[in-house]
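Lettering follows sequence order; numbering is per chain, from 1. Hydrogens, waters and symmetry mates play no part in the numbers below; they use all other heavy atoms, side chains included.
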There are 2 protein chains.
Amino acid sequence: MAGIKDVALGAGVSVATVSRALSGNGKVSASTRAKVQRAAEELGYVVSFNASSLASGRSRNIGVVVPTVGRWFFSTVLEGITNELIEAGYDLTLYNTGGQDQHRESVFGDLLLRKRLDGVITLTLKLQPHEVQQLASVGKPVVAIGGLIPDIDTIRVDDFNLASMATEHLVGLGHREIAYLGGTEEFEVDFKLASARQDGYEYALDQANLPVRPEWLLTADFTIQGGYRKVRNVMAAPRRQPTAVVCASDEMAFGAILAARDLGLSVPGDLSVVGIDGHDLGELFGLTTIAQDARGQGASAVRKVLQLLGERELDRDPTRGFFPTEFVARTSTAAPRA
Amino acid sequence: MAGIKDVALGAGVSVATVSRALSGNGKVSASTRAKVQRAAEELGYVVSFNASSLASGRSRNIGVVVPTVGRWFFSTVLEGITNELIEAGYDLTLYNTGGQDQHRESVFGDLLLRKRLDGVITLTLKLQPHEVQQLASVGKPVVAIGGLIPDIDTIRVDDFNLASMATEHLVGLGHREIAYLGGTEEFEVDFKLASARQDGYEYALDQANLPVRPEWLLTADFTIQGGYRKVRNVMAAPRRQPTAVVCASDEMAFGAILAARDLGLSVPGDLSVVGIDGHDLGELFGLTTIAQDARGQGASAVRKVLQLLGERELDRDPTRGFFPTEFVARTSTAAPRA
DNA sequence: CCTAAACATGTAATCGCTTCCACAATGGGG
DNA sequence: CCCCATTGTGGAAGCGATTACATGTTTAGG
């Protein structure tokens, strides 16, 4: 429980000097600094974060708000964030709303505001106007990943283009009966993105002079199970069936592949499947997908926040515009059977 | 930026009374409390965590150390933790060592010690003796999930029994050629558990008078891909093949199932697969498994910490002994082909 | 109706650090 | 050789709460 005073005593200097020596702010002679460091070492002293924060107004702590950590995208982004943050010597306070409104309220109503954070990163949460305002009122840097939030720095991929590219890929292979598997309304609230993807899909269809069939606009909850169920239903039905499906997430695409297999259909023979994400399992499933670098987005968000905090040079604009994505061709797509 | 003084002014009372009224500690008349609350409300006042922590010595903040958030078990436990913590009004500071030693060092060397936390929960990290000591030296409650750590409260399942049950299940079905898919050395460091599972497997084999074949002691990294690769190799080899495999995690079991399918083998016809975990995808894959309630373990760890902090009654011992598990029979296991 | 216990509230010390300001020592230019 | 700009250090005022202690008020029992 050694405090700064003990170190000051041990080193034979004032607490002010200890503070300066250890934090690197202000001038201290090399010899004094060494003395102080030795004393601190011996006493096993580490600054009290609370006291330091209170006095300086900076907490070296970033808040991260997520709707869940169970989905690939979120856990992967989170890995990217933790990694980058730890290297900068920052702590991370995690707020997992878990899709529960009441938790959401306490997060935005209280937790975020308690002045413990230097900045906030939100992961594809569609924020309510009053929530945006609450965030803004704190006067701390806020960076969003995924969602499109007015007046807030955002790191995101070009959902519209992504989906339209994926669709064009299928069109290019000769498919004319292409379904789309997006997110349900319910999920749109938290994961605002799918509508842009659906728009991209419809746009690509339009460009190819193909009709958008409402019965092929499928929705699920972004999970493997959800994708499985929906695709299985459609492919098992006695009505006209698509020869390909564009999935708004890789996980749903995996579900689609598994569903097809279970029905005895071959992928890509009977059904081509393309996803969006770049999930680690993509290779195993041979999934053609549009990969986004989720880790990178997390890291990028951190850098952005640190920049806003003045910790970093203002890199000339690494994140204005869209985060890059990459088309990855594998074996889940092919020309439709003649 | 309203401070407690502003509220005091607004309510026409002293700061001491405001503190008491808002925190609930100490006596305050109902009318005064109401006045204070109104004033606080109007000013949009929320206490400064830092100041409060500094003064009281309590931070309402729990540290959670994980090796990764990308694996099902960890993300699920984490969900359980966040959920329970948010309800208790606690913050959670996440330390993700990400398997990188250097991060691990900074976590244990610095971050955890900065007196910002009231308690710590570690997720199946095999702690080095000096790390345990560092944790202990902080004098704050520490609860571990998964690992078996000397002198630290631990929440865990009975790995030995789990694995032996899984194995016995297969033996009971008539299998005599049973492989085991566990974790690699490398992963044992962080996820200390698999050796107990392997012991259970060997024990069950022993009991059934079956030999333990070294060539069927498979190891992977606890991922689907890892399981896939290993099982595929074994089942594709021209040598004698197992009719069943016990997997130390459901994710590896999924890999096993996918591998078998890709080889044209039927599950459970040609290969019975049993997992350990209770992964959400188990149902989709029809995986027979021994389910552990990961969320529950997270929640339980939180309750334990809060108890240790005196926030909760000391429930008569909900966690001494093992966390319960449940055998879930599905369709991935059956008697071997005659 | 009196007194002691219970209650309500204010005063002020304290938590452990950061940082402004003052002051002394050092050193280079005129 | 003197003066002023630097540089290094200490003193002390906060930062925004909590809480022990003191003080003034009720309330209830006798």
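Put simply, CZ on A/Arg116 is 14 Å from P on D/dA17, counting in whole angstrom units. Between the CG atom of B/Asn50 and the C1' atom of C/dG16 there is a distance of 12 Å, given to the nearest Å. Put simply, NZ on B/Lys27 is 8 Å from C1' on C/dA6, counting in whole angstrom units. The separation between A/Leu43 atom CG and C/dG16 atom C1' is 15 Å, rounded to whole Å. Across the protein-nucleic acid pair, B/Leu54 atom CG and C/dA13 atom C1' stand 13 Å apart, rounded to whole Å. Taking atom CZ of residue A/Phe49 and atom P of nucleotide D/dA17, one finds them 20 Å apart after rounding to whole Å. The distance between atom CG of B/Asn25 and atom C1' of C/dT9, rounded to the nearest whole Å, is 16 Å.
With hydrogens and angles ignored, a donor-acceptor pair closer than 3.5 Å exists between the side chain of B/Arg20 and the base of C/dG10.
When heavy atoms are screened at a 4.0 angstrom cut-off, B/Val28 is found touching the sugar-phosphate backbone but no base atom. Looking at heavy-atom distances under 4.0 Å, A/Ser53 makes no contact with the nucleic acid at all.
At least one side-chain heavy atom of B/Val143 sits under 4.5 Å from a side-chain heavy atom of B/Val305. B/Val65 is listed as a side-chain neighbour of B/Val120, based on a closest heavy-atom distance under 4.5 Å. The side-chain heavy atoms of B/Val28 and B/Val36, taken from C-beta on, include no pair separated by under 4.5 Å. Using a 4.5 Å heavy-atom threshold, the side chains of A/Val69 and A/Phe74 count as separate. B/Ile121 has its side chain within reach of B/Ile81: a pair of non-hydrogen atoms, C-beta onward, lies under 4.5 Å apart. Annotation: side chain of A/His103 is in contact with side chain of B/Ile86 (closest heavy-atom distance under 4.5 Å). Using a 4.5 Å heavy-atom threshold, the side chains of A/Glu84 and A/Tyr90 count as separate.
Within residues 2-15 of chain A, the residues that place at least one heavy atom under 4.0 Å from DNA chain C are, in residue-number order, A/Gly3, A/Ile4.
Out of D/dG16, C/dT18, C/dG10, the shortest distance to the side chain of A/Ser19 is found at C/dT18. Residue B/Ser29 places its side chain closer to C/dT9 than to any other of C/dT9, D/dG16, C/dT18. In the set D/dA17, C/dT19, C/dT9, the nucleotide with an atom closest to the side chain of B/Thr17 is C/dT9. Of the candidates C/dC17, C/dG10, D/dT18, C/dG10 carries the atom nearest the B/Ala16 side chain, counting heavy atoms from C-beta on. Nearest nucleotide to the side chain of A/Ala55, out of D/dG14, D/dT18, D/dG11: D/dG14. With D/dG16, C/dA8, C/dT18 as the candidates, the nucleotide lying closest to the side chain of A/Ser56 is C/dT18. Considering only the side chain of B/Ser23, D/dT18 comes nearest among D/dA17, D/dT18, C/dT18.
Look at A/Thr32 and you'll find a side-chain N or O under 4.0 angstrom from OP1 or OP2 of D/dT9. Here A/Arg58 reaches the OP1 or OP2 of C/dT19: one of its side-chain N or O atoms lies under 4.0 Å away.
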Between B/Gln297 and B/Val157, is the side chain to side chain contact (heavy atoms under 4.5 Å, CB included) condition met? List the steps. CA-CA 9 Å; B/Gln297 288 177 61; B/Val157 294; 3.8 Å; yes
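A side-chain hydrogen bond (donor to acceptor under 3.5 Å, both in side chains) with A/Arg116 holds for exactly one of B/Thr93, B/Asn50, B/Asp91; it is B/Asp91.
What you find for A/Asn96 and B/Glu79 is that their closest heavy atoms are OD1-OE1, 3.4 Å.
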Which pairs, protein N/O on one side and nucleotides 23-26 of chain C N/O on the other, fall under 3.5 Å?
none

